[in-house]
Peer 1: 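Shown below is the structure under consideration.
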Amino acid sequence: MPELPEVETIRLGLTDRIIGKKIISVDFDTAKSFQGKTEDVVGSTISGVERRAKLIQIKLSNNNNLLFHLKLTGQLIVIDHSERFAGGHPSHDWHAELPNSNTRIVFELSDNVKLYFNDMRKFGWCKVLSPQAIEAIYEKDYGFEPLDKEFTVEYLLSKAKRIPNRNIKQFLMDQTIAAGMGNIYTDEALFEAGISPLRKIKDISVPEWQKLIDSMCKVLNMGLKYGGTTDSDYVRADGTKGGMQDHLKVYHQTGKPCANDCGGKVIRITVGGRGTHYCSQCQN
DNA sequence: CTCTGCACCTGAAAGC
DNA sequence: TGCTTTCAGGTGCAGA
């Protein structure tokens, strides 16, 4: 599923295609996928598309919002007559006839445009929420994003203080600390910083914290520039595809020689239940 | 409070 | 080939 750069790529794709459209109808298959009342959104016009961390917020003219979390396999696909934009988990559904067995929600929009929420594993969701409810979620469950100017060494040290024995990988994956980071960009940032995913945060020096911030910004900005990571060979119907997968140095590179030419190899371990890729030679 | 591990779901890919 | 196991871009929560 998408991390910050992939979700931002979706936001950009949706922005040009659905803003100004009116929601004609909403159909969904499970209560888990669509949490809200369809009458709270039908008849309203889409006024904006925003992103924070890995969440997509579609703003409506009646002051309600559709908040999406795509989790691991969520996708948002817009079909405007013959033109199609697909983002999120890469799968054949980017091109498949829709709706299909993975379709959880169909939004019928004005001008014969359709927005599909597909999600194979059903972990993702769409909730109908007020601006205040969304603000409360951000306030409670999300910290700053690495690209925010407030994401400083002081900020990270304040978060680190109470959990000195946590390893850095899980620390950076914590959305209340580094919003928008996920498994790919965390592994890549740790490689860039030359720091082992297993390092306890109490053993990280101030210059290393700064290097971590710089590395996170570097890999996230690369992800944004390349339109995210598109594992496998999936290409969007509009001809574009994410390009970050060609620039990954450790994620899913198990067994390959270290990109730093240090003589080491990329190995895969499990940290906090997540596949973790790093060079045990030059990441310490 | 922190930490660990599993639960939530389904399918693709890798291993035997 | 075909069966079995592992893995998957993410949380959320019970129990220690």
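Residue numbers start from 1 in every chain, and the chains themselves are labelled A, B, ... in the order their sequence lines are given, proteins ahead of strands.
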Peer 1: Return no unless some side-chain N or O of Lys54(A) is found under 4.0 Å from OP1 or OP2 of dG10(C).
Peer 2: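 Yes, because at least one side-chain N or O of Lys54(A) sits under 4.0 Å from OP1 or OP2 of dG10(C).
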
Peer 1: Assign each of Asp141(A) and Thr276(A) to its nearest nucleotide of DNA chain C by heavy atoms, then name whichever residue's nucleotide is nearer the 5' end.
Peer 2: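 It is Thr276(A) whose nearest nucleotide is closer to the 5' end.
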
Peer 1: Do the side-chain N or O atoms of Gln175(A) get closer than 4.0 angstrom to the phosphate oxygens (OP1, OP2) of dT11(C)?
Peer 2: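 Answer is yes, contact under 4.0 Å.
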
Peer 1: Taking only the side-chain nitrogens and oxygens of Arg166(A), find out if one of them lies under 4.0 Å from OP1 or OP2 of dC3(B).
Peer 2: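 Result: yes.
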
Peer 1: Using a cut-off of strictly less than 4.0 Å, decide whether Arg274(A) has a side-chain nitrogen or oxygen near OP1 or OP2 of dG10(C).
Peer 2: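 Answer yes for this pair, as a side-chain N or O of Arg274(A) is under 4.0 Å from OP1 or OP2.
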
Peer 1: Between Asn118(A) and Thr103(A), is any side-chain donor less than 3.5 angstrom from a side-chain acceptor?
Peer 2: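 There is such a pair (donor and acceptor under 3.5 Å, judged by atom type) between the side chains of Asn118(A) and Thr103(A).
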
Peer 1: Ring-on-base stacking between Phe123(A) and dC8(B), under 5.5 Å between centres and under 30° between planes: is it there?
Peer 2: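 Yes; centroid distance and tilt both under limits.
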
Peer 1: Just how far, in rounded Å, is P of dT11(C) from CG of Asp174(A)?
Peer 2: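 Atom-to-atom, Asp174(A) to dT11(C), this comes out as 10 Å.
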
Peer 1: Output the rounded distance in Å from CD1 (Ile269(A)) to C1' (dC7(C)).
Peer 2: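 Answer to the nearest Å: 16 Å.
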
Peer 1: Hydrophobic clusters here meaning ILVMFWY residues chained together by side-chain heavy-atom distances under 4.5 Å, can you tell me if Leu60(A) and Leu115(A) are in one?
Peer 2: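 As far as the 4.5 Å side-chain criterion goes, Leu115(A) and Leu60(A) are connected within one cluster.
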
Peer 1: Between dT10(B) and Lys122(A), is there an OP1 or OP2 to side-chain N/O distance shorter than 4.0 Å?
Peer 2: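 Answer yes for this pair, as a side-chain N or O of Lys122(A) is under 4.0 Å from OP1 or OP2.
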
Peer 1: Work out how far the P atom of dC7(C) is from that of dG5(B), and round it to whole angstrom.
Peer 2: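 It comes out at 15 Å once rounded to the nearest Å.
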
Peer 1: Between His89(A) and dA8(C), is there a contact of a side-chain N or O with OP1 or OP2 at under 4.0 Å?
Peer 2: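 No, outside the criterion.
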
Peer 1: With side chains defined as the heavy atoms from C-beta onward, is the minimum distance between Glu135(A) and Gln132(A) less than 4.5 Å?
Peer 2: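 Side chain of Glu135(A) against side chain of Gln132(A), heavy atoms only: no contact under 4.5 Å found.
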
Peer 1: So, Asp187(A) and Lys169(A), do they make that salt bridge, N to O below 4.0 Å?
Peer 2: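 Looking at Lys169(A) together with Asp187(A), the answer is yes, because their closest N to O distance falls below 4.0 Å.
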
Peer 1: So what does Gly182(A) hit on the nucleic acid, given a heavy-atom distance under 4.0 Å: a base, only sugar-phosphate, or nothing?
Peer 2: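 Here Gly182(A) touches the backbone only, sparing every base.
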
Peer 1: In the single-linkage hydrophobic clustering (I, L, V, M, F, W, Y; side-chain heavy atoms under 4.5 Å), do Ile134(A) and Leu66(A) co-cluster?
Peer 2: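 Hydrophobic grouping puts Ile134(A) apart from Leu66(A).
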
Peer 1: Using a 3.5 Å distance criterion without hydrogens, assess whether the side chain of Arg199(A) forms a donor-acceptor pair with backbone atoms of Gln283(A).
Peer 2: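 Checked: no pair found.
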
Peer 1: Round to a whole Å and report the spacing from NZ of Lys202(A) to C1' of dT2(B).
Peer 2: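 Computing the Lys202(A):NZ to dT2(B):C1' distance gives 13 Å.
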
Peer 1: Specify the residue among Gly272(A) and Ile163(A) whose closest nucleotide of DNA chain B lies further upstream toward the 5′ end.
Peer 2: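 Final value for this comparison: Ile163(A).
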
Peer 1: What is the distance, rounded to the nearest whole Å, between atom CG of Asn118(A) and atom C1' of dT10(B)?
Peer 2: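 Atom-to-atom, Asn118(A) to dT10(B), this comes out as 13 Å.
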
Peer 1: Go through DNA chain B and write down every stem, that is, every run of at least three consecutive Watson-Crick or G-U wobble pairs with distances under 3.5 Å, as range with range.
Peer 2: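 DNA chain B stems, ordered by first number: B:2-8 with C:10-16, B:10-16 with C:2-8.
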
Peer 1: Which comes earlier along DNA chain B counting from the 5' end, the contact point of Asn165(A) or that of Lys32(A), where each point is its nearest nucleotide?
Peer 2: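 That would be Asn165(A).
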
Peer 1: Indicate whether OP1 or OP2 belonging to dA8(C) is found under 4.0 Å from a side-chain N or O atom of Arg268(A).
Peer 2: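 Yes, because at least one side-chain N or O of Arg268(A) sits under 4.0 Å from OP1 or OP2 of dA8(C).
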
Peer 1: Minimum heavy-atom separation for Ala189(A) and Met181(A), please, with both atom names.
Peer 2: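 Distance-wise, the nearest heavy atoms are CB-CE, 4.3 Å.
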
Peer 1: What's the gap between dT6(C) and dC6(B) when it is taken at their P atoms, as a whole Å value?
Peer 2: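 After rounding to an integer number of Å, I get 13 Å for this pair.
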
Peer 1: For the pair made of CG in Asp119(A) and C1' in dG11(B), what is the distance, rounded to whole Å?
Peer 2: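 Whole-Å distance recorded here is 13 Å.
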
Peer 1: Rounding to an integer number of Å, can you tell me how far His277(A) NE2 sits from dT6(C) C1'?
Peer 2: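 Distance, rounded to whole Å: 13 Å.
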
Peer 1: Would you kindly give the CD1-to-C1' distance between Ile56(A) and dG10(C), to the nearest whole Å?
Peer 2: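 That distance rounds to 16 Å.
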
Peer 1: Is there side-chain contact between Asp119(A) and Leu70(A), with heavy atoms separated by less than 4.5 Å?
Peer 2: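 No. Closest side-chain heavy atoms not under 4.5 Å.
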
Peer 1: Could you state the CG-C1' distance from Leu70(A) to dA8(C), rounded to the nearest angstrom?
Peer 2: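 So the CG-C1' distance, Leu70(A) to dA8(C), works out to 15 Å.
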
